[in-house]
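Take a look at the structure set out below.
Predicted model, so just to flag it, every value in this text is computed and none were measured.
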Amino acid sequence: MTEIRICHLYPKEMNIYGDRGNIAVLQKRLEWRGYSSTLTSISIGDEFTPTSFDLCYLGGGQDRDQMIVAYDLQEKSAALHSAAKDGMVFLWVCGGIQLAGVGYTDSEGRRIPGVGILDLDTSAGKSRLIGDLVLNAELNGDSCKVVGYENHVGRTFLGSDATPLGAVLKGHGNNGEDRTEGAVQRRVIGTYMHGPILPKNPWLADKLLSWAIEHKTGKTPTLTPLDNSLENLAQQVAITRAGMKR
Ligand code: GLN
């Protein structure tokens, strides 16, 4: 049985919006298709070995939480870059997308260094961008509506090496100005979408899983279709709550 190895970075410090739910979705959708998975928590002072994992997850955190983990993340930077270059899948959420970039200047003007696996930079704005978020996401030429919830003061702007995860249909997105949301580079995805994001976005969950299986086996899998009726209903409720028709 193929085993997919998931790493959860700083699960204690960076997990403010039920981000653990994303891990549960990934493991369950693997299990339903006959794959096994392992979950390893990597915290401050632990070694991150780039060849040990297929997917690396980092959840959201307030400025204070980001400051706590940022300097430890710098210690892991070379290994993270090596993993990203080797095609490991990353899903880093909100505070995570900010730490995946070059850095984040917080509301007090303090600079929190990022690791730079995404070509982007973030500075705190004057107000928080909060609310339901609906976007038209695009990955590998395939597109789908993706919904989530955002709550961030950071304004993120992408450099030329990163492409947006999608175009904002409803909500603020990366910076409330350019109608982009998230960032993608190789198999690294950063997004502001909490929720957690994956339970009501099976399309995105399966994209990540296809990439992770390909990273482990070297072959592009054909994932057995699952009954997503509950997930699609949850997405529809979120789209309606955002004030949009399907
Ligand atoms: N501290 C960051 C901001 O407020 C991210 C917050 C979060 O992870 N929700 O922009």
Side-chain angles (χ1 to χ4, degrees), residues 1-8 11 15 17-40 53-60 87-94 96 132-150 165-171 181-182 184 187-246:
M1 183 186 280
T2 304
E3 180 180 84
I4 302 303
R5 306 156 299 169
I6 300 172
C7 155
H8 189 175
N15 181 21
Y17 293 106
D19 294 300
R20 243 179 261 276
N22 289 323
I23 305 272
V25 167
L26 292 170
Q27 290 195 287
K28 211 64 201 154
R29 294 182 77 84
L30 282 169
E31 183 194 316
W32 286 334
R33 288 158 164 142
Y35 293 90
S36 64
S37 63
T38 56
L39 177 63
T40 307
F53 304 107
D54 303 297
L55 189 149
C56 175
Y57 181 80
L58 175 59
M88 186 185 292
V89 184
F90 288 75
L91 178 64
W92 287 18
V93 177
C94 204
D132 291 297
L133 185 52
V134 184
L135 54 119
N136 187 46
E138 189 165 332
L139 286 170
N140 299 351
D142 190 13
S143 68
C144 187
K145 269 207 187 72
V146 170
V147 297
Y149 190 82
E150 62 183 324
L165 173 58
V168 173
L169 301 174
K170 197 82 180 173
E181 200 295 323
V184 185
R187 291 187 180 140
V188 180
I189 294 183
T191 178
Y192 274 110
M193 287 192 281
H194 285 292
I197 178 174
L198 295 183
K200 46 185 174 289
N201 296 292
W203 174 84
L204 182 59
D206 283 353
K207 284 287 178 195
L208 294 168
L209 291 178
S210 294
W211 280 353
I213 294 164
E214 194 172 28
H215 176 262
K216 177 68 184 286
T217 64
K219 295 194 204 76
T220 309
T222 306
L223 292 182
T224 316
L226 297 174
D227 172 6
N228 292 323
S229 41
L230 211 50
E231 294 83 349
N232 293 336
L233 179 62
Q235 185 183 85
Q236 182 51 53
V237 168
I239 290 175
T240 309
R241 195 178 61 196
M244 273 190 73
K245 290 199 178 30
R246 183 154 180 85

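The closest side-chain heavy-atom distance from Val93 to His194 is below 4.5 Å. For the pair Ser36 and Glu31, the minimum side-chain heavy-atom distance is 4.5 Å or more. Two residues are said to be in side-chain contact when any heavy atoms from C-beta on lie closer than 4.5 Å; Ile213 and Leu223 meet this criterion. Residues Ile239 and Leu169 have side chains not in contact (no heavy-atom distance under 4.5 Å, counting atoms from C-beta outward). Put simply, the side chain of His8 does not reach to within 4.5 Å of the side chain of Thr40, judged on heavy atoms. Looking at Tyr57 and Asn22, their side chains come closer than 4.5 Å, going by heavy atoms from C-beta outward. Two residues are said to be in side-chain contact when any heavy atoms from C-beta on lie closer than 4.5 Å; Lys145 and Val134 meet this criterion. Between Ile23 and Ile6 the shortest side-chain heavy-atom distance falls below 4.5 Å.
Atom NZ of residue Lys170 and atom CG of residue Leu135 lie 14.0 Å apart, to the nearest 0.5 angstrom. Note that CG of Leu26 is 7.5 Å distant from CG of Leu91, once rounded to the nearest 0.5 Å. Between Glu3 atom CD and Thr217 atom OG1 the span is 13.5 Å, to the nearest 0.5 Å. With rounding to the nearest 0.5 angstrom, the CG atom of Leu30 is 10.0 Å from the OG1 atom of Thr2. Annotation: the span from Ile197 atom CD1 to Cys94 atom SG amounts to 11.0 Å, rounded to 0.5 Å. Atoms CE and CD, on Met244 and Gln236 in that order, are 9.5 Å from each other to the nearest 0.5 Å.
Surrounding CG of Leu230 are at most 12 heavy atoms belonging to other residues, nucleotides or ligands under 6.0 Å away.
Residues Asp132 and Tyr149 approach most closely at OD1-CD1, 3.7 Å, considering heavy atoms. Shown here for Gly60 and Asp19, the closest heavy-atom pair between the two residues is N-OD2, 3.1 Å. Contact record, Glu181 with Tyr192: OE2-N, 2.6 Å, taken as the closest heavy-atom pair. Heavy-atom minimum distance, Arg187 versus Met88: CB-O, 3.5 Å. Here the closest non-hydrogen pair linking Phe53 and His215 is O-CE1, 3.2 Å. In terms of heavy-atom proximity, Asp227 sits nearest to Glu231 at O-OE1, 3.7 Å.
Across Gln235, Lys200, Arg29, a single residue satisfies side-chain hydrogen bond (donor to acceptor under 3.5 Å, both in side chains) together with Asn228, and that is Arg29.
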Does the pair Thr191 and Trp92 meet the rule for a side-chain contact (heavy atoms from CB on, under 4.5 Å), with working shown? CA-CA 7 Å; Thr191 178; Trp92 287 18; over 6 Å; no
Check step by step if side-chain contact (heavy atoms from CB on, under 4.5 Å) holds for Leu209 and Arg33. CA-CA 11 Å; Leu209 291 178; Arg33 288 158 164 142; 4.2 Å; yes
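Side-chain polar atoms of Glu214 and Ser210 form no donor-acceptor pair below 3.5 angstrom. A donor-acceptor contact closer than 3.5 angstrom is absent between the side chains of Asp54 and Trp211.
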